[in-house]
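Counting starts at 1 for both ligands and their atoms, in listed order.
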Amino acid sequence: MKDKTENLQAAKINWFPGHMTKARRMIAENVKIVDTVCEIIDARIPLSSRNPDLDELTGSKPRLVIMNKVDMADPERTRKWAEWFKAQGKFVLETDCKSGKGTAAFTSAVRSMLREKLEQYAAKGQTGRQLRVMVVGIPNVGKSTFINKIAKRRAAEISDRPGVTRGKQWINIDKGLELLDTPGILWPKFDSQEVGEHLAYTGAIRDQVVDIEALAASLLALLRDFYPDRIETRYKFAPPADASGYELLSLAGKKRGFLISGGEIDTERMANILLDEFRAGKLGRITLELPPED
Ligand code: G4P
């Protein structure tokens, strides 16, 4: 079996090409012409699905953090994260773009964020002025789905493949709002192996570039620490506190009856099933990261 670190390193090489420099440059250029920046993140991995350079790139522009996929995230942890972002001076909107829940509040959230600016415009008699919002997000956070919901039409191509850079696109939203979609593709930052793993668990990194068994084993160990009851409910065994991730994977495979000739457990099959079930939400609503305690 290939070493997991080696595989995530491979992912790093495939996933962090010259696009990042281009995206950075485009964000820095376009930030000057927008009123605010809207950052979409995956509520299941609020840290790993962010790009840490964004603060530096967008400077003092007011920031709206859209915590998307809240339907799949742990509600209690989503609440903690929302509080944390607010304490950092950000505005927060929780959305489930699949059903559209939360997206209707977008326009009013932007307006209340920019209230002072709107008042200044009104004082100068510039009442009809458009508000411009730049939307950024790493691949797979649901940016296209979000834009489609907000624009109420198929404005953005869903499931754009990583690496395909789209051009600058202004999208008119009702009530005097304009969105600037994707000035280049913002890539995540693999500054730790954990970030790479968390992106891979949620499917943001393609499975072809990671070691499935190692990935599933580390996910099981994480679930055992955070949500042991979910393992018990879904895979019908109480995960031992001292078992390794790989042992947990074997136990799950055994319970499911995934055997290969000679009585060996088919851990590869179990790994694929576990990742599919996790991504499909069959283990319940899960958030894999907690806000930093600072
Ligand atoms: P991107 O532009 O940021 O790369 O992401 P995109 O909108 O393509 O969404 C990536 C996947 O996430 C899509 O699933 C999409 O349906 C799903 N998604 C987006 N927002 C939400 C959400 O709030 N909740 C849930 N549960 N899923 C969301 P897919 O499997 O690639 O496509 P499909 O099966 O929906 O067709």
Side-chain angles (χ1 to χ4, degrees), residues 11 14-17 19-20 23 26-27 37-51 54 64-75 77-79 81-82 85 92-106 109 133-171 173 179-189 195 198-209 272-273 275-288:
N14 294 336
W15 253 63
F16 202 82
H19 293 98
M20 191 61 196
M26 290 180 85
I27 290 171
V37 176
C38 167
E39 173 191 17
I40 308 184
I41 62 167
D42 183 334
R44 296 169 298 172
I45 47 167
L47 271 188
S48 301
S49 61
R50 303 186 77 197
N51 182 287
L54 206 57
L64 176 61
V65 176
I66 307 252
M67 297 184 70
N68 190 35
K69 307 200 184 188
V70 287
D71 55 307
M72 302 184 86
D74 179 335
R77 288 191 173 189
T78 297
R79 194 185 53 75
W81 273 106
F85 283 122
V92 178
L93 191 65
E94 296 170 23
T95 58
D96 161 7
C97 286
K98 209 150 191 178
S99 73
K101 209 170 156 198
T103 55
F106 175 71
V133 184
M134 184 198 286
V135 185
V136 296
I138 67 160
N140 200 50
V141 290
K143 187 154 67 69
S144 311
T145 316
F146 171 79
I147 290 171
N148 286 333
K149 283 280 178 224
I150 294 293
K152 300 181 189 75
R153 63 188 166 93
R154 289 192 58 80
E157 190 67 17
I158 302 238
S159 291
D160 237 1
R161 295 276 68 92
V164 181
T165 313
R166 288 172 286 171
K168 189 157 131 182
Q169 198 182 2
W170 285 101
I171 299 151
I173 307 296
L179 293 189
L180 174 60
D181 177 27
T182 323
I185 290 182
L186 191 64
W187 298 86
K189 224 180 179 179
V195 169
H198 289 195
L199 288 162
Y201 298 148
T202 58
I205 299 177
R206 286 157 301 158
D207 285 345
Q208 293 92 310
V209 297
N272 279 301
I273 299 251
L275 289 166
D276 281 352
E277 294 189 346
F278 171 75
R279 291 170 188 162
K282 289 188 177 153
L283 285 106
R285 298 173 70 176
I286 286 170
T287 300
L288 297 171

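Geometrically, ligand 1 and Cys97 share a nitrogen or oxygen pair separated by less than 3.5 Å. Polar contact with ligand 1: present for Gly142 (N/O pair, distance under 3.5 Å). The N/O atoms of Pro139, backbone and side chain alike, include none that comes under 3.5 Å of an N/O atom in ligand 1.
Looking at heavy atoms from C-beta onward, Leu64 lies in side-chain contact with Phe106 at the 4.5 angstrom threshold.
Between Thr95 and the choices Asp71, Asn68, Thr145, the side chain to side chain donor-acceptor pair (under 3.5 Å) rule is met once, by Asn68.
Contact annotation for Asp71 and ligand 1: only side-chain heavy atoms (C-beta onward) come within less than 4.0 Å of the ligand. Contact annotation: for Met72 versus ligand 1, heavy atoms closer than 4.0 Å belong to the side chain alone.
Remark: Arg279 engages Asp207 in a side chain to side chain donor-acceptor pair (under 3.5 Å) (not counting sequence neighbours).
Between Asp96 and Lys98 no salt bridge is recorded (no basic side-chain N to carboxylate O distance below 4.0 Å). In summary, Lys282 and Asp276 do not engage in a salt bridge, as defined by a charged side-chain N under 4.0 Å from a carboxylate O.
Residue Thr145 approaches ligand 1 through these ligand atoms, each under 4.0 Å from one of its heavy atoms: 6 (P), 7 (O), 9 (O), 15 (C), 19 (C). Those atoms of ligand 1 with a heavy atom of Asp96 less than 4.0 angstrom away are 22 (C), 23 (O), 24 (N). Interface atoms of ligand 1 facing Lys143, defined by a heavy-atom separation under 4.0 Å, are 1 (P), 2 (O), 3 (O), 5 (O), 7 (O).
Thr202 contributes a side-chain N or O that, together with a main-chain N or O of Leu199, makes up a donor-acceptor pair within less than 3.5 Å.
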